[in-house]
Amino acid sequence: MCHGADRGGYIGPALNRDETKLGPGQVAEIILSGRPPTLMPQHPSWRGVLSAKDRDLLAELITTQPKTTPSWGIDDVHKSLQVLVADESALPPAPKYRIDRIDDLMAVMSRGRQAAGSDAKVLFFDGRTHRKVGEVPTGFAPHLMDFHPTDPRWAYVRDDAGYVHKVDLYSRWRPTRA
């Protein structure tokens, strides 16, 4: 997701032979160590778990131009939609936790040891009191969160696996995942 579905770049740089100026050895090191201070952190479980062969295969994949152009259309997006709360009208009309103003809600993307599995989540804090008011599990390391431009109840979280989570900020539920 970060590098684009076609590896041509998105919020991260392009990962194809035409654009990538790094060799396979340099890419293999970035896979293990990350690239501070960018959004490419060190993956918490790959060093010591990812074999040298798998690391080198992944680096070769990244530095080799694909034989075909991958595609991902709107039909594929619709097929991937997973609805976790079927009736959004049953959600609360206001936040279910104590906060003076929803604009004071602050989100922190959980990284490090909590970047994969049941510990991967977005943590929510009251920005005025610094009190934790909730969390939303994502399954994979959350990277970015965008707030809905007109409805303060919704936010969208993108994670390591490319999923987009629609989050209800009033109940801190994750109604849909696409």
query: Of all heavy-atom pairs between Leu169 and Tyr97, which one has the smallest distance, and what is that distance?
result: O-OH, 2.5 Å

field: Listed once per pair and sorted, the salt bridge (charged side-chain N to carboxylate O under 4.0 Å, His left out) pairs that draw on residues 71-85, sequence neighbours left out
entry: none

query: Is a donor on one side and an acceptor on the other found under 3.5 Å between the side chain of Gln26 and the backbone of Gly23?
result: yes

message: Can you list everything that forms a side chain to side chain contact (heavy atoms under 4.5 Å, CB included) with Arg131? Sequence neighbours excluded, please.
response: Arg98, Asp126, Thr129, Val133

field: Contacts of Asp104 that satisfy salt bridge (charged side-chain N to carboxylate O under 4.0 Å, His left out) - sequence neighbours left out
entry: Arg128

- prompt: Which atom pair, heavy atoms only, marks the closest approach of Ala120 to Ala141?
  reply: CB-N, 4.0 Å

task: Output all residues satisfying side chain to side chain contact (heavy atoms under 4.5 Å, CB included) with Met106, sequence neighbours left out; order by chain, then residue number.
output: Phe125

task: Taking the side chain as every heavy atom from C-beta outward, state whether Phe147 and Asp103 have any atom pair closer than 4.5 Å.
output: no

- prompt: Quick one: side-chain hydrogen bond (donor to acceptor under 3.5 Å, both in side chains) partners of Asp56, sequence neighbours excluded?
  reply: none

message: Could you tell me if the side chain of Val157 sits less than 4.5 Å from the side chain of Thr138, heavy atoms only?
response: yes

task: Test side chain to side chain contact (heavy atoms under 4.5 Å, CB included) on Val122 and Met145 and set out the steps.
output: CA-CA 9 Å; Val122 179; Met145 186 163 130; 4.2 Å; yes

message: I'd like to check the side-chain hydrogen bond (donor to acceptor under 3.5 Å, both in side chains) partners of Glu135; sequence neighbours left out, ordered by chain and number.
response: Lys121, Lys132

- request: Just jot down the side chain to side chain contact (heavy atoms under 4.5 Å, CB included) partners of Pro92, sequence neighbours excluded, or say none.
  value: Lys96, Arg153, Asp168, Tyr170, Ser171

field: Considering all heavy atoms, the nearest Ile31-Arg55 contact
entry: CD1-O, 4.1 Å

- prompt: Which distance, rounded to the nearest 0.5 Å, do you find between the CG of Asp159 and the CE of Met109?
  reply: 11.0 Å

- request: Check side-chain hydrogen bond (donor to acceptor under 3.5 Å, both in side chains) between Asp100 and all other residues, then give those that pass, not counting sequence neighbours.
  value: none

statement: The reported gap from CG in Leu105 to CD1 in Ile102 (rounded to nearest 0.5 angstrom) is 5.0 Å

- request: Return the set of residues passing side chain to side chain contact (heavy atoms under 4.5 Å, CB included) with Glu60 (not counting sequence neighbours), or none when no residue passes.
  value: Leu57, Thr64

